[in-house]
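Heads up: the structure comes next, in structure tokens.
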Amino acid sequence: MIQAPPLPPPSIEAPAPERSVQTLDQLRVAAALTDARVEVDSRFRGASIVLYGAVFNPTDDPTDVVVVVRGPDEPVRLVKKTRNLGVWLNSRPVLFEGAPGFYMTASTRPLSDIAGFGQLRRLGVGVDHLRINAPEESRTVTRYGVRDVVISRLGEDYLDWRRAVIRLREAAALYNTDPDGVTFVDRGLFRAEVELPATAPTGEYHAEVWLFRDGEPAGVSNLTLRVEKVGIERDIYEFAHRRPWTYGILCVLLAAGIGYLASRIFGRR
């Protein structure tokens with residue numbers, strides 16, 4: 001009986017590396033900040049923070065990157081000069097209940113070349129599409145003994161007041177638009193600079209890094225930045241907000257004491 005020769009053992013090959021469609025085939029963007037915390041003290045003169053990231057693009061389709069940094073919302077009180085009987089007077093104050101204390105956009109090219117008006121308006125990207133909160137109905141409120149008119153979002157003058165808010169914030173370097181603020185330093189790697197002025201409000205900032213392709217948003221990366229007071233400035237700030245009446249009385253007493261001491265010193269001369 002003739003026996004067949006034994007079969008050779010099967011060759012063992014290393015398993016093929018797992019291929020993640022989520023990682024390799026999807027267009028996406030990732031970003032980070034060089035510093036996610038800014039300390040504000042008496043020597044603070046502003047800060048420059050670098051935002052950097054990468055675009056993972058499995059194809060060669062052109063893409064655009066738009067960076068939006070928005071600071072904490074805060075009320076804005078405005079007055080308008082009106083002429084009555086030949087005399088210029090201030091109108092009744094108008095209060096917007098919420099507007100970003102800081103707003104910056106940086107992009108690889110002008111926003112109007114990246115996406116359409118409707119798309120930018122829907123996403124709230126750009127100063128022209130900035131959402132400034134105002135209540136649905138006009139009403140009068142009292143803050144610290146001062147009566148303000150809260151303007152209606154549906155009022156005829158809303159757009160004029162809104163443009164005034166933006167114009168004043170731009171003059172104070174708190175609102176900024178840079179159509180060339182995002183630059184690619186290498187294939188898929190980009191950077192942008194966030195310039196905070198000395199008057200930048202404290203609080204939590206939110207950064208959105210949008211990736212656009214063919215006028216449509218293809219991805220977004222969200223970041224958080226904190227700007228906070230430190231040292232004795234923070235202690236005084238928190239005390240003034242926790243106990244405003246006590247803080248006011250102490251300021252009056254301190255000013256009176258300094259005035260009395262100065263009068264005694266200069267009176268002897």
Side-chain angles (χ1 to χ4, degrees), residues 22-23 26-41 43-56 63-76 96-108 111 114-115 119-133 165-166 169-170 172-179 181-185 188-212 217-231 233-235 237-238 241:
Q22 182 78 10
T23 302
Q26 186 179 25
L27 176 64
R28 61 190 180 93
V29 61
L33 294 166
T34 55
D35 194 352
R37 182 172 179 264
V38 177
E39 297 181 350
V40 178
D41 55 17
R43 297 170 296 177
F44 182 71
R45 297 295 181 271
S48 179
I49 303 171
V50 176
L51 186 150
Y52 60 94
V55 175
F56 300 91
T63 58
D64 289 289
V65 176
V66 178
V67 175
V68 180
V69 181
R70 178 170 181 151
D73 289 354
E74 56 186 19
V76 181
F96 277 88
E97 290 189 325
F102 178 86
Y103 189 83
M104 184 208 81
T105 60
S107 52
T108 50
L111 294 177
I114 295 177
Q119 192 67 261
L120 297 174
R121 174 59 58 90
R122 184 179 65 84
L123 299 175
V125 174
V127 173
D128 294 336
H129 312 288
L130 180 61
R131 301 185 182 100
I132 298 180
N133 298 329
V165 172
I166 295 175
R169 292 287 169 88
E170 287 178 338
L174 292 171
Y175 286 7
N176 184 34
T177 301
D178 189 352
V182 178
T183 56
F184 280 91
V185 297
L189 302 179
F190 64 88
R191 71 186 300 273
E193 290 190 9
V194 181
E195 298 288 344
L196 295 177
T199 56
T202 57
E204 188 174 82
Y205 289 57
H206 297 281
E208 298 175 340
V209 183
W210 289 95
L211 179 64
F212 285 86
V220 63
S221 178
N222 295 286
L223 306 171
T224 301
L225 169 68
R226 288 205 61 84
V227 179
E228 54 188 8
K229 296 180 180 292
V230 296
E233 290 83 4
R234 177 175 181 176
D235 297 335
Y237 177 84
E238 292 181 350
H241 283 75

query: Residues two or more places apart in sequence or in another chain: which of them pass side chain to side chain donor-acceptor pair (under 3.5 Å) with Arg226?
result: none

Side chain to side chain donor-acceptor pair (under 3.5 Å) partners of Asp64, counting only residues at least two apart: Thr108, Arg109

Heavy-atom check, side chain of Tyr205 versus side chain of Leu196, under 4.5 Å: yes

task: Using a 4.5 Å cut-off on heavy atoms from C-beta on, say whether the side chain of Tyr175 contacts that of Leu130.
output: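 Yes, at least one pair of side-chain atoms sits under 4.5 Å.
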
Do you know the tightest heavy-atom contact between [X] and [Y]?
{"X": "Leu33", "Y": "Thr224", "result": "CD1-O, 4.0 Å"}
{"X": "Pro72", "Y": "Gly203", "result": "CG-CA, 4.2 Å"}
{"X": "Ala99", "Y": "Val165", "result": "CB-CG1, 4.3 Å"}
{"X": "Gln119", "Y": "Phe212", "result": "CG-CE2, 4.4 Å"}
{"X": "Ala31", "Y": "Ser221", "result": "N-OG, 3.6 Å"}

About how many Å separate [atom2] of [Y] and [atom1] of [X], when rounded to the nearest 0.5 Å?
{"X": "Leu174", "Y": "Met104", "atom1": "CG", "atom2": "CE", "result": "13.0 Å"}
{"X": "Ile166", "Y": "Asp128", "atom1": "CD1", "atom2": "CG", "result": "7.0 Å"}
{"X": "Leu120", "Y": "Trp210", "atom1": "CG", "atom2": "CH2", "result": "10.5 Å"}

message: Before you tell me yes or no, could you show the steps for His129 and Leu111 under side chain to side chain contact (heavy atoms under 4.5 Å, CB included), namely the whole-Å CA-CA distance, both residues' side-chain angles and the distance that decides it to 0.1 Å?
response: CA-CA 11 Å; His129 312 288; Leu111 294 177; 5.9 Å; no

Any donor-acceptor N or O pair under 3.5 Å, side chains His206, Glu204: yes

task: In sequence, state the C-alpha distance, the side-chain angles, and the governing distance for Asp178 and Glu193, and then conclude on side chain to side chain contact (heavy atoms under 4.5 Å, CB included).
output: CA-CA 10 Å; Asp178 189 352; Glu193 290 190 9; over 6 Å; no

- prompt: Which one of Thr183, Thr63, Val29 satisfies the side-chain contact (heavy atoms from CB on, under 4.5 Å) criterion with Phe190?
  reply: Val29

field: Option among Leu123, Val209, Ile114, Val220 that satisfies the side-chain contact (heavy atoms from CB on, under 4.5 Å) test with Val66
entry: Ile114

Going by atom type alone, with no hydrogens or angles, which donor-acceptor pairs under 3.5 Å involve a side-chain atom of residues 47-54 and a protein atom two or more places apart or on another chain?
residue : atom : partner : partner atom : Å
Ser48   : OG   : Glu195  : OE2          : 3.0

message: Looking at Gly126, is its backbone amide N or carbonyl O close enough to the side chain of Tyr103 to form a donor-acceptor pair, meaning the two atoms are under 3.5 Å apart?
response: yes

query: Do side-chain atoms of Arg169 reach the backbone of Pro100 as a donor and acceptor pair under 3.5 angstrom?
result: yes

message: Between Leu27 and Val55, does the side chain to side chain contact (heavy atoms under 4.5 Å, CB included) criterion hold? Intermediate values first, please.
response: CA-CA 8 Å; Leu27 176 64; Val55 175; 4.2 Å; yes

